[in-house]
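What follows is a single structure, written as structure tokens, with notes after it.
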2 protein chains.
Amino acid sequence: MASPTGRARSVRARDARWRGALAVLDEMRRRPGVTRADVARRLALSTGSATEITARLRELALLSETPAAATGRGRPTTVLHPHPRGPVVIAVDLRQEDWRCAVAEIDGRPRVSEEGRHGSRHPAKVVAAVGEAVRRVHDRFGGRVRAVAVAVAATVRHGAVVQSATLGWDAVDLTGLAPAPGLPLLVGNDATLAGAAEARYGAAAGAGTALHVTIEVGVGGTLVVDGLPIEGATGAGGEFGHLPLGDPALRCPCGALGCWDLAVDGRAIARHLGEPPPRDPRSYAQAALARAEGDAAVRSAVGRTASGFGRGIAGLINALDPGIVTLGGFAEPLRAAAAEEFAAALTDGLMRFRRADPPPVVAATLGDDGALHGAAAIALDRVLTEEGLDAWAADHTG
Amino acid sequence: MASPTGRARSVRARDARWRGALAVLDEMRRRPGVTRADVARRLALSTGSATEITARLRELALLSETPAAATGRGRPTTVLHPHPRGPVVIAVDLRQEDWRCAVAEIDGRPRVSEEGRHGSRHPAKVVAAVGEAVRRVHDRFGGRVRAVAVAVAATVRHGAVVQSATLGWDAVDLTGLAPAPGLPLLVGNDATLAGAAEARYGAAAGAGTALHVTIEVGVGGTLVVDGLPIEGATGAGGEFGHLPLGDPALRCPCGALGCWDLAVDGRAIARHLGEPPPRDPRSYAQAALARAEGDAAVRSAVGRTASGFGRGIAGLINALDPGIVTLGGFAEPLRAAAAEEFAAALTDGLMRFRRADPPPVVAATLGDDGALHGAAAIALDRVLTEEGLDAWAADHTG
DNA sequence: CCATTAAACTCGTCTCACGAGCATAAAGGA
DNA sequence: TCCTTTATGCTCGTGAGACGAGTTTAATGG
């Protein structure tokens, strides 16, 4: 379907130059290990076009081909791989206590290259350490690096960190992470990127509309449509934790009243137990699940929390109508620890007509790697465009 | 940006056949009265291409050209219009008490052709009456009709009406509205389509991400990204009224607890006044605004309702990050009647970092015509595609 | 009435994909 | 072992769509 209010697309032949090539590269990304014959079939390409396109891409070091294992009669085809001197992106995941820096070829699988812990609350130090790592990777891969994407446990607007309860940061400038001028630096919220990764490679693969929800400190998540997170006007979409689904009497550190955040993470469990707010809601929540084994009061507190979580999920399903819901971080253990309470609240919160075939609510499958995969994905999205390939081709000819 | 999880796009030349033509037609839709020279500039088309494309489209009765008023020196250009024998779509708006049937040419402006009231609660009768009207229009326009779209005040899933509190309907089969076999019949929720129209032609024109919220019986609305409503997996997205933002003790007719629906429409005002639930919350709410003039109790009840509405809007802004919020139906009069309460609740409910530059909350500008415009828009979206133009061209050559 | 200006028209060229026909590399049967 | 079958890759002529340089046209304004 056309996008009649989108920016005026240019129609020039220049923009058709990479049509077939991009389709092939996308297919390669989506199905690692795909054969050339398969790609041609899927894209309804003639064998002539397939020959021409793969030859061009091989020439430009955008892919390489190796003989495929024979599957029967007929001339054997080839498997398409990223080229050993092809473009790469750097993906960074900046979490509460540590960070990881990975490299991904155009198949989108990040391979962790460096990692480190940061006890420090000083953003400048963390940024400096991560920046060093990025620069080392950039030195190693040189011109092959075409973009850098950072997943950060923070609210991100217009590509900049605005605040982070998890990290204890206010606005932080991450532009120092760019290892070279002119290299695109993309910054995204970690839960948003994890959701994108789940929708592309994980539990929600294939779903047109997927909802990802994660609990760490508060709630994060995103609605993903056709592999792209609904980012909102400033990039801060998916802050479901700040819907007033919680206790209207409680003031959230974000400034609003009744945020769902306060009703589902470790702070909620502590409140139900009459204990003081935990310094680190994440580890407190994990510990509570262990304590619940032998302690009925803790079990009950966990159950009430799971119930509040299920009720909110039901509301989000009502409002957004996802085809599947994936749970990340503490969300899945919480649901598992009080499965009945969660399920009851979920069903009770659904509109009646949705109860016959509600969307599956499943555990995220990429675990801790989701955000890293998502960062690699958005970085590659940037590289695998007409403009990106134009730039790459300009560097790789003549 | 590519859509890496979307269906495998075909790459064949066949799909490039209409590239330029579609871009020109889209431009024509977006800016009624544009000149050919303007379109060429905007799309970065060479004058040669513009000549070629417009000639082809004229030949196919997809557009016509008339001399433009001279604006200065130079050879005068032409204004692009829908062709008098070009394709049209039928747009239907099926509301609580009446219906309208309109015809739109490819500029997307629906012109009402027939209308009627339906006191009847019997869906079959209503569908029959509307179907007759559609058939009459179809008879008049013949093969020019390429699609029919129906905006209906009901929950729609997979293109079918599931239920409607407003109309008092359960599942209703609207396929009888199709005036001819093979003609696409698109069915959409009225608030969703009104939101799409606001984002394309109305108050939210130009916004990448827009939130439309309307109050009739309960709350309807949609998030619109680049002109396309986020429809969800089954097409029932945008049911924000069934987020549990209301009183958790109240059971909604939908089956869930605490729905926002109950906190913002006429039922909420009645409850605050200690009056019994109104039979028709819409007219009750309108009447309440009039009563509020001279009655402090009513004013207070309206204020509390506006406050609950503002709080919910704030939550939706937090969660979805729209660039603008448009208010339709009773939402705007409610906000206007208790502007201070609404604004205070809105601000108080926003995350702190959003308060500096919150998205504008404005009245929808298309009024009662929004849904009709939206229906025409999605019908045209269907017609103005490669496949749609292929079909049209097949009927108009040789 | 002619210079100026902006736009339309003409036409040769380019690029990309198609598709028919041919070449190639395997499996399987005689 | 050789030939047939099968699936695929390669070659090359064709066609569509857009470009862009050069030319023509229709207006304004001095």
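All chains are named by letter (A, B, ...) in the order of the sequence lines, taking the proteins before the strands, and each is independently numbered beginning at 1.
- Listed nucleotides: dC16(C), dA18(D), dT6(D). Nearest to the side chain of Arg73(A): dT6(D).
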Check: protein-nucleotides 7-10 of chain C nitrogen or oxygen pairs below 3.5 Å:
{"residue": "dA7(C)", "atom": "OP1", "partner": "Arg41(B)", "partner atom": "NH1", "Å": "3.4"}
{"residue": "dA7(C)", "atom": "OP2", "partner": "Arg41(B)", "partner atom": "NH1", "Å": "3.3"}
{"residue": "dA7(C)", "atom": "O4'", "partner": "Arg75(B)", "partner atom": "O", "Å": "3.3"}
{"residue": "dA8(C)", "atom": "OP1", "partner": "Thr77(B)", "partner atom": "OG1", "Å": "2.7"}
{"residue": "dA8(C)", "atom": "O4'", "partner": "Arg75(B)", "partner atom": "NE", "Å": "3.4"}
{"residue": "dA8(C)", "atom": "O4'", "partner": "Arg75(B)", "partner atom": "NH1", "Å": "3.2"}
{"residue": "dC9(C)", "atom": "OP2", "partner": "Arg36(B)", "partner atom": "NH2", "Å": "2.2"}
{"residue": "dC9(C)", "atom": "OP2", "partner": "Thr51(B)", "partner atom": "OG1", "Å": "3.3"}
{"residue": "dC9(C)", "atom": "N4", "partner": "Thr47(B)", "partner atom": "OG1", "Å": "2.7"}

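- Partners of Thr234(A) according to the side chain to side chain donor-acceptor pair (under 3.5 Å) rule, which considers only residues two or more places apart in sequence or in another chain, are Arg157(A), Asp321(B).
- A cation-pi contact, defined as under 6.0 Å to the ring centre and within 45° of the axis, links Arg109(B) to Tyr201(B).
- With sequence neighbours excluded, the residues satisfying side chain to side chain donor-acceptor pair (under 3.5 Å) with Arg144(B) are Glu105(B).
- With sequence neighbours left out, Asp369(B) forms a side chain to side chain donor-acceptor pair (under 3.5 Å) with Arg100(B).
- Taking atom CG of residue Leu43(B) and atom P of nucleotide dA18(D), one finds them 11 Å apart after rounding to whole Å.
- In this structure, Trp18(B) places its CH2 atom 20 Å from P of dA17(C), rounding to the nearest Å.
- Atom CD1 of Ile53(A) is separated from atom C1' of dA17(C) by 8 Å (rounded to the nearest Å).
- Per the geometry, CG belonging to Asp38(B) stands 14 Å off P belonging to dA6(C), to the nearest Å.
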Ignoring hydrogens and angles, write down the donor-acceptor pairs under 3.5 Å from the side chains of residues 79-92 of chain A, residues two or more places apart or on other chains.
{"residue": "His81(A)", "atom": "NE2", "partner": "Thr66(A)", "partner atom": "OG1", "Å": "2.8"}
{"residue": "His83(A)", "atom": "ND1", "partner": "Arg85(A)", "partner atom": "N", "Å": "2.9"}

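- Residue pairs meeting the side chain to side chain donor-acceptor pair (under 3.5 Å) criterion with at least one member in residues 70-80 of chain A, sequence neighbours excluded: Glu65(A)-Thr78(A).
- Following rounding to the nearest Å, Arg56(A) (CZ) and dC10(D) (C1') show an atom-to-atom distance of 17 Å.
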